[in-house]
There are 2 protein chains.
Amino acid sequence: MKRKITLKQIAKELGVSIGTVSKALKDSKEISEETKEKIQAFAKYYNYKPNNIALSLKNRKTKTIGILIPEIVHHFFSKVIQGIEKVANKKGYNVIIGLSNESFDKEVINMEMLASGSIDGFIMSISKETLLQQDYHHLNETINQGMPIVMFDRVVSDIRCDKVIINDVEAAKKAVNKLIKNNCKKIAIITTKDYVNVGRLRTQGYVEALNDHEIAPEPELILKVDDKLVTEDYIDVLEEEIKSLFLINPDIDGVFAVNELYAITTMKVAKNLGRKIPEDLQVIGFTDGVLSRHASPSLTTVTQYGQKIGEVAAALLIEKIESEASEDPVRTVVIETELIERESTK
Amino acid sequence: MKRKITLKQIAKELGVSIGTVSKALKDSKEISEETKEKIQAFAKYYNYKPNNIALSLKNRKTKTIGILIPEIVHHFFSKVIQGIEKVANKKGYNVIIGLSNESFDKEVINMEMLASGSIDGFIMSISKETLLQQDYHHLNETINQGMPIVMFDRVVSDIRCDKVIINDVEAAKKAVNKLIKNNCKKIAIITTKDYVNVGRLRTQGYVEALNDHEIAPEPELILKVDDKLVTEDYIDVLEEEIKSLFLINPDIDGVFAVNELYAITTMKVAKNLGRKIPEDLQVIGFTDGVLSRHASPSLTTVTQYGQKIGEVAAALLIEKIESEASEDPVRTVVIETELIERESTK
DNA sequence: TACTAACACGAAAACGTTTTCGCTAAGAAT
DNA sequence: ATTCTTAGCGAAAACGTTTTCGTGTTAGTA
């Protein structure tokens with residue numbers, strides 16, 4: 001077990017100075033060909049690789065970007081990570097991951113931990129608890145220390161940083177318009193509580209789409225699921241709520257769900273109640289994950305290109321990290337969404 | 001935008017030496033109460049946090065562990081990451097992620113990059129290409145440099161490092177035994193090519209289970225899918241292969257698939273061919289992901305507790321990192337699997 | 001022969017810590 | 001009055017780099 005070799009050891013072994021070794025390995029013309037060859041050969045033989053930590057300290061750059069997300073066992077988030085990793089890697093960056101588990105405290109702790117020199121910038125999606133408490137001091141402090149942040153998905157607009165989002169309102173309208181066009185007369189929405197901004201915006205899109213077609217939105221068709229505590233029997237509760245929605249409003253013939261799980265669960269409940277999909281009931285979900293593709297019937301859904309979001313976020317962040325200007329304008333990039341039609345709609 | 005404050009700045013501002021500041025913040029009894037209070041108050045006011053990079057350089061520890069996996073958009077792997085992150089975080093470690101995308105080259109590059117000082121140890125699952133080429137020099141080199149590695153899932157046994165695995169043979173036998181007990185007479189297996197060791201072992205378990213019940217394994221019931229190149233039409237190819245399996249062997253009444261996707265696809269194809277599940281055909285999958293739970297019918301599956309695997313791997317790694325002994329024995333921990341019965345079996 | 005220029009290399013600072021060692025001065029002990 | 005402790009602090013090395021600047025040697029030029 002030999003420790004990694006350092007410049008100092010090479011220098012000592014070859015009877016030259018550390019500086020000379022460093023320059024030789026960088027092919028500096030300050031050093032004679034002869035010496036360079038000797039040093040390079042030696043370094044190659046011992047598989048010398050510069051120590052990243054020392055470089056980071058010297059350059060005050062870590063070449064690492066931090067990702068801070070609520071959870072990782074989630075198709076959308078892992079797609080985003082994949083996208084981030086792809087462009088980060090291409091530009092010589094590593095990614096380090098922090099999970100908040102939807103907890104405010106863990107988000108703050110993780111952020112402070114990573115902000116203490118470990119990374120050059122953040123890409124993040126805010127936890128639900130933070131959204132609920134509306135306490136963003138950790139974000140502002142980080143930004144004030146000159147560390148760039150790019151937010152995606154769950155963003156908060158009055159933070160001064162770049163953002164990568166989709167147009168949730170428009171995307172939701174696309175979905176609901178499709179249901180209306182497909183002759184649905186009574187369209188329900190399964191959504192989240194309003195403090196989750198993406199849920200709120202999608203609900204807003206639902207309402208707007210109905211209004212556009214002069215359909216009066218009915219409050220009892222709007223089911224706002226409380227998912228603050230995702231417990232074991234979470235799915236059961238969800239099923240119960242959806243079931244009573246159908247029992248109270250038996251003539252629902254279209255459902256727009258703001259995520260995959262709500263949509264899949266809706267189909268399951270509806271099938272158990274004897275509904276045929278898409279004949280009796282048409283369902284559209286949000287986010288194109290593995291569930292939508294492989295459910296039966298497969299799910300028509302609004303896809304938000306997660307990988308693309310990650311790629312753009314990483315590109316924005318790296319650009320900001322490497323730009324000299326300390327105060328350039330904040331940008332918001334809107335990624336297109338698309339309605340993917342499958343078997344759950346006519 | 002104020003840069004993060006350093007010891008040097010505090011020292012200068014307060015007219016003391018850097019060493020004094022450092023000691024004061026550590027509550028060293030070398031420093032007078034008066035001075036300590038002054039320094040601590042100042043540090044708190046300016047939100048001083050020691051620079052991780054400088055600490056890493058000094059201590060030759062990064063308090064970071066590297067995860068190297070083939071892909072991240074995958075329920076099992078993200079579960080493992082979740083487990084790793086959980087115990088790592090509890091012990092004050094961060095996790096940094098490298099994706100190999102099943103490519104040998106990316107695995108090597110990522111490994112070298114991270115091994116150059118960025119992390120204290122690896123947790124990894126080998127890429128398929130590496131498995132195929134059987135070139136493990138990068139692993140051995142890393143280990144020789146004194147950096148501990150813990151392998152999980154796709155391990156290679158003759159590498160000298162800790163491993164966290166499941167008993168694939170036994171797990172597969174559990175599944176096939178269940179099918180046999182449920183009166184299946186003609187049981188097929190959908191598996192991978194043999195170079196993927198987990199696939200090979202599960203196939204072996206299938207064969208052993210049949211032999212145990214004095215059923216002669218029939219080669220035409222063993223479908224080894226070639227997933228070397230996962231292209232766009234990958235699913236279509238998979239469906240075709242499974243379809244012809246059923247056409248050639250119409251009396252198949254049980255299928256054991258070595259992963260979720262194969263199992264779900266099998267159910268889809270079978271349903272299209274008019275089979276009722278579980279009446280005409282019983283299906284058991286491997287790995288309990290979101291698909292298994294929410295498919296219809298929901299899938300009976302062998303669960304390999306991914307989060308547990310991650311937790312154990314992280315515990316092993318951190319223990320090794322923090323142990324003084326340079327040469328302790330390598331350990332292999334076997335995590336229990338369990339057969340979760342759902343609707344796809346009787 | 002004396003001066004300059006190019007060449008090849010070394011010394012040292014810097015990045016931000018921690019920690020060991022040494023120094024000074026005040027009080028205690030002799 | 002002299003020596004011994006001890007409290008309180010500073011200096012400096014070390015982690016592994018990069019880079020600037022300085023310096024000695026040699027060769028070329030006047």
Side-chain angles (χ1 to χ4, degrees), chain A residues 2-40 42-43 46-64 113 115-120 145-147, chain B residues 2-40 42-43 46-64 113 115-120 145-147:
Chain A
K2 34 181 187 181
R3 273 227 155 283
K4 294 216 72 167
I5 197 167
T6 68
L7 287 186
K8 190 194 278 196
Q9 292 169 43
I10 299 182
K12 190 172 178 185
E13 211 66 37
L14 262 40
V16 293
S17 80
I18 295 177
T20 303
V21 178
S22 176
K23 290 171 196 163
L25 293 178
K26 297 203 118 48
D27 233 355
S28 156
K29 52 180 157 289
E30 252 185 278
I31 309 297
S32 72
E33 283 305 324
E34 193 187 4
T35 313
K36 276 199 284 194
E37 276 170 30
K38 187 178 62 176
I39 293 178
Q40 287 170 1
F42 190 92
Y46 283 101
N47 193 26
Y48 170 79
K49 292 264 164 37
N51 180 308
N52 284 335
I53 297 294
L55 284 179
S56 294
L57 184 60
K58 176 120 189 65
N59 302 332
R60 282 126 137 246
K61 308 219 155 173
T62 62
K63 283 275 184 180
T64 303
M113 188 148 179
S116 306
S118 304
I119 62 167
D120 294 339
Q145 284 172 1
M147 175 157 308
Chain B
K2 37 185 183 180
R3 273 228 155 283
K4 293 214 72 164
I5 197 167
T6 68
L7 288 186
K8 190 194 280 197
Q9 292 169 43
I10 299 182
K12 190 172 176 185
E13 210 66 38
L14 261 41
V16 294
S17 80
I18 295 177
T20 303
V21 178
S22 177
K23 290 171 197 163
L25 293 179
K26 297 203 118 48
D27 233 354
S28 156
K29 52 180 156 280
E30 251 184 281
I31 309 297
S32 73
E33 283 305 324
E34 194 188 3
T35 313
K36 277 201 282 194
E37 276 171 32
K38 186 178 64 174
I39 293 179
Q40 287 170 1
F42 190 91
Y46 283 102
N47 194 25
Y48 170 79
K49 292 262 165 37
N51 181 308
N52 285 335
I53 296 293
L55 284 179
S56 296
L57 184 59
K58 177 122 191 64
N59 302 332
R60 281 124 138 250
K61 307 219 156 174
T62 61
K63 282 278 188 178
T64 303
M113 188 147 180
S116 306
S118 304
I119 62 167
D120 294 338
Q145 284 172 0
M147 175 157 308

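In what follows, chains are A, B, ... by sequence order, proteins preceding strands, each numbered from 1. Values below: every heavy atom of this structure, side chains too, minus hydrogens, waters and symmetry copies.
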note = Nearest heavy-atom contact between B/T62 and B/D120 is N-OD1, 2.8 Å

request  = Give the C-alpha distance, both sets of side-chain angles, the deciding distance and a yes or no for side chain to side chain contact (heavy atoms under 4.5 Å, CB included) between A/I10 and A/Y48.
outcome  = CA-CA 9 Å; A/I10 299 182; A/Y48 170 79; 4.1 Å; yes

inquiry  = Within this structure, what is the NZ-CG distance for the pair A/K58 and B/L57, rounded to the nearest 0.5 Å?
reply    = 12.0 Å

ask   = Heavy atom of residues 9-22 of chain B under 4.0 Å from DNA chain C: which residues?
value = B/I18, B/G19, B/S22

Distance-minimising heavy-atom pair for A/S22 and A/L7 = CB-CD1, 3.9 Å

remark   = In B/S/- notation (B base, S sugar-phosphate only, - none; protein heavy atoms under 4.0 Å), nucleotides 21-26 of chain D written 5' to 3' is B-----

request  = Answer whether the closest heavy-atom distance between the side chains of A/I5 and A/E13 falls below 4.5 Å.
outcome  = no

inquiry  = Could you measure the distance from the CG atom of A/L25 to the OG1 atom of A/T20? Nearest 0.5 Å is fine.
reply    = 10.5 Å

key: salt bridge (Lys or Arg N to Asp or Glu O under 4.0 Å) contacts touching residues 21-30 of chain A (sequence neighbours left out)   = A/K23-A/E30, A/D27-A/K36

request  = Go through residues 54-63 of chain A and report each residue with a non-hydrogen atom lying under 4.0 Å from DNA chain C, sorted by number.
outcome  = A/L57, A/K58, A/R60

Heavy-atom pair of closest approach, residues A/I31 and A/A24 = CG1-N, 4.0 Å

Distance-minimising heavy-atom pair for A/I53 and B/S56 = CG2-CB, 3.8 Å

request  = Could you check A/K26 against A/K8 and say which one's nearest nucleotide on DNA chain D is further toward the 5' end?
outcome  = A/K8

inquiry  = Need two values: the first and the last nucleotide of DNA chain C, 5' to 3', having an atom under 4.0 Å from any heavy-atom of chain B.
reply    = C/dC15 to C/dC21

A/I39 side chain near A/V16 side chain, heavy-atom distance below 4.5 Å = yes

request  = May I ask you to test the B/M147-B/I119 pair for a side-chain heavy-atom distance under 4.5 Å?
outcome  = yes

remark   = Tightest non-hydrogen contact, residues B/P50 and A/S116, listed as O-CB, 3.8 Å

From A/K12, A/K8, A/Q9, residue fulfilling side chain to side chain contact (heavy atoms under 4.5 Å, CB included) relative to A/I18 = A/K8

request  = Would you mind reading off the bend of the helix from C/dT1-D/dA30 to C/dT30-D/dA1 from its two end axes, five pairs each, to 10 degrees?
outcome  = 80°

key: Close side-chain approach of B/K63 and B/L55, heavy atoms under 4.5 Å   = no

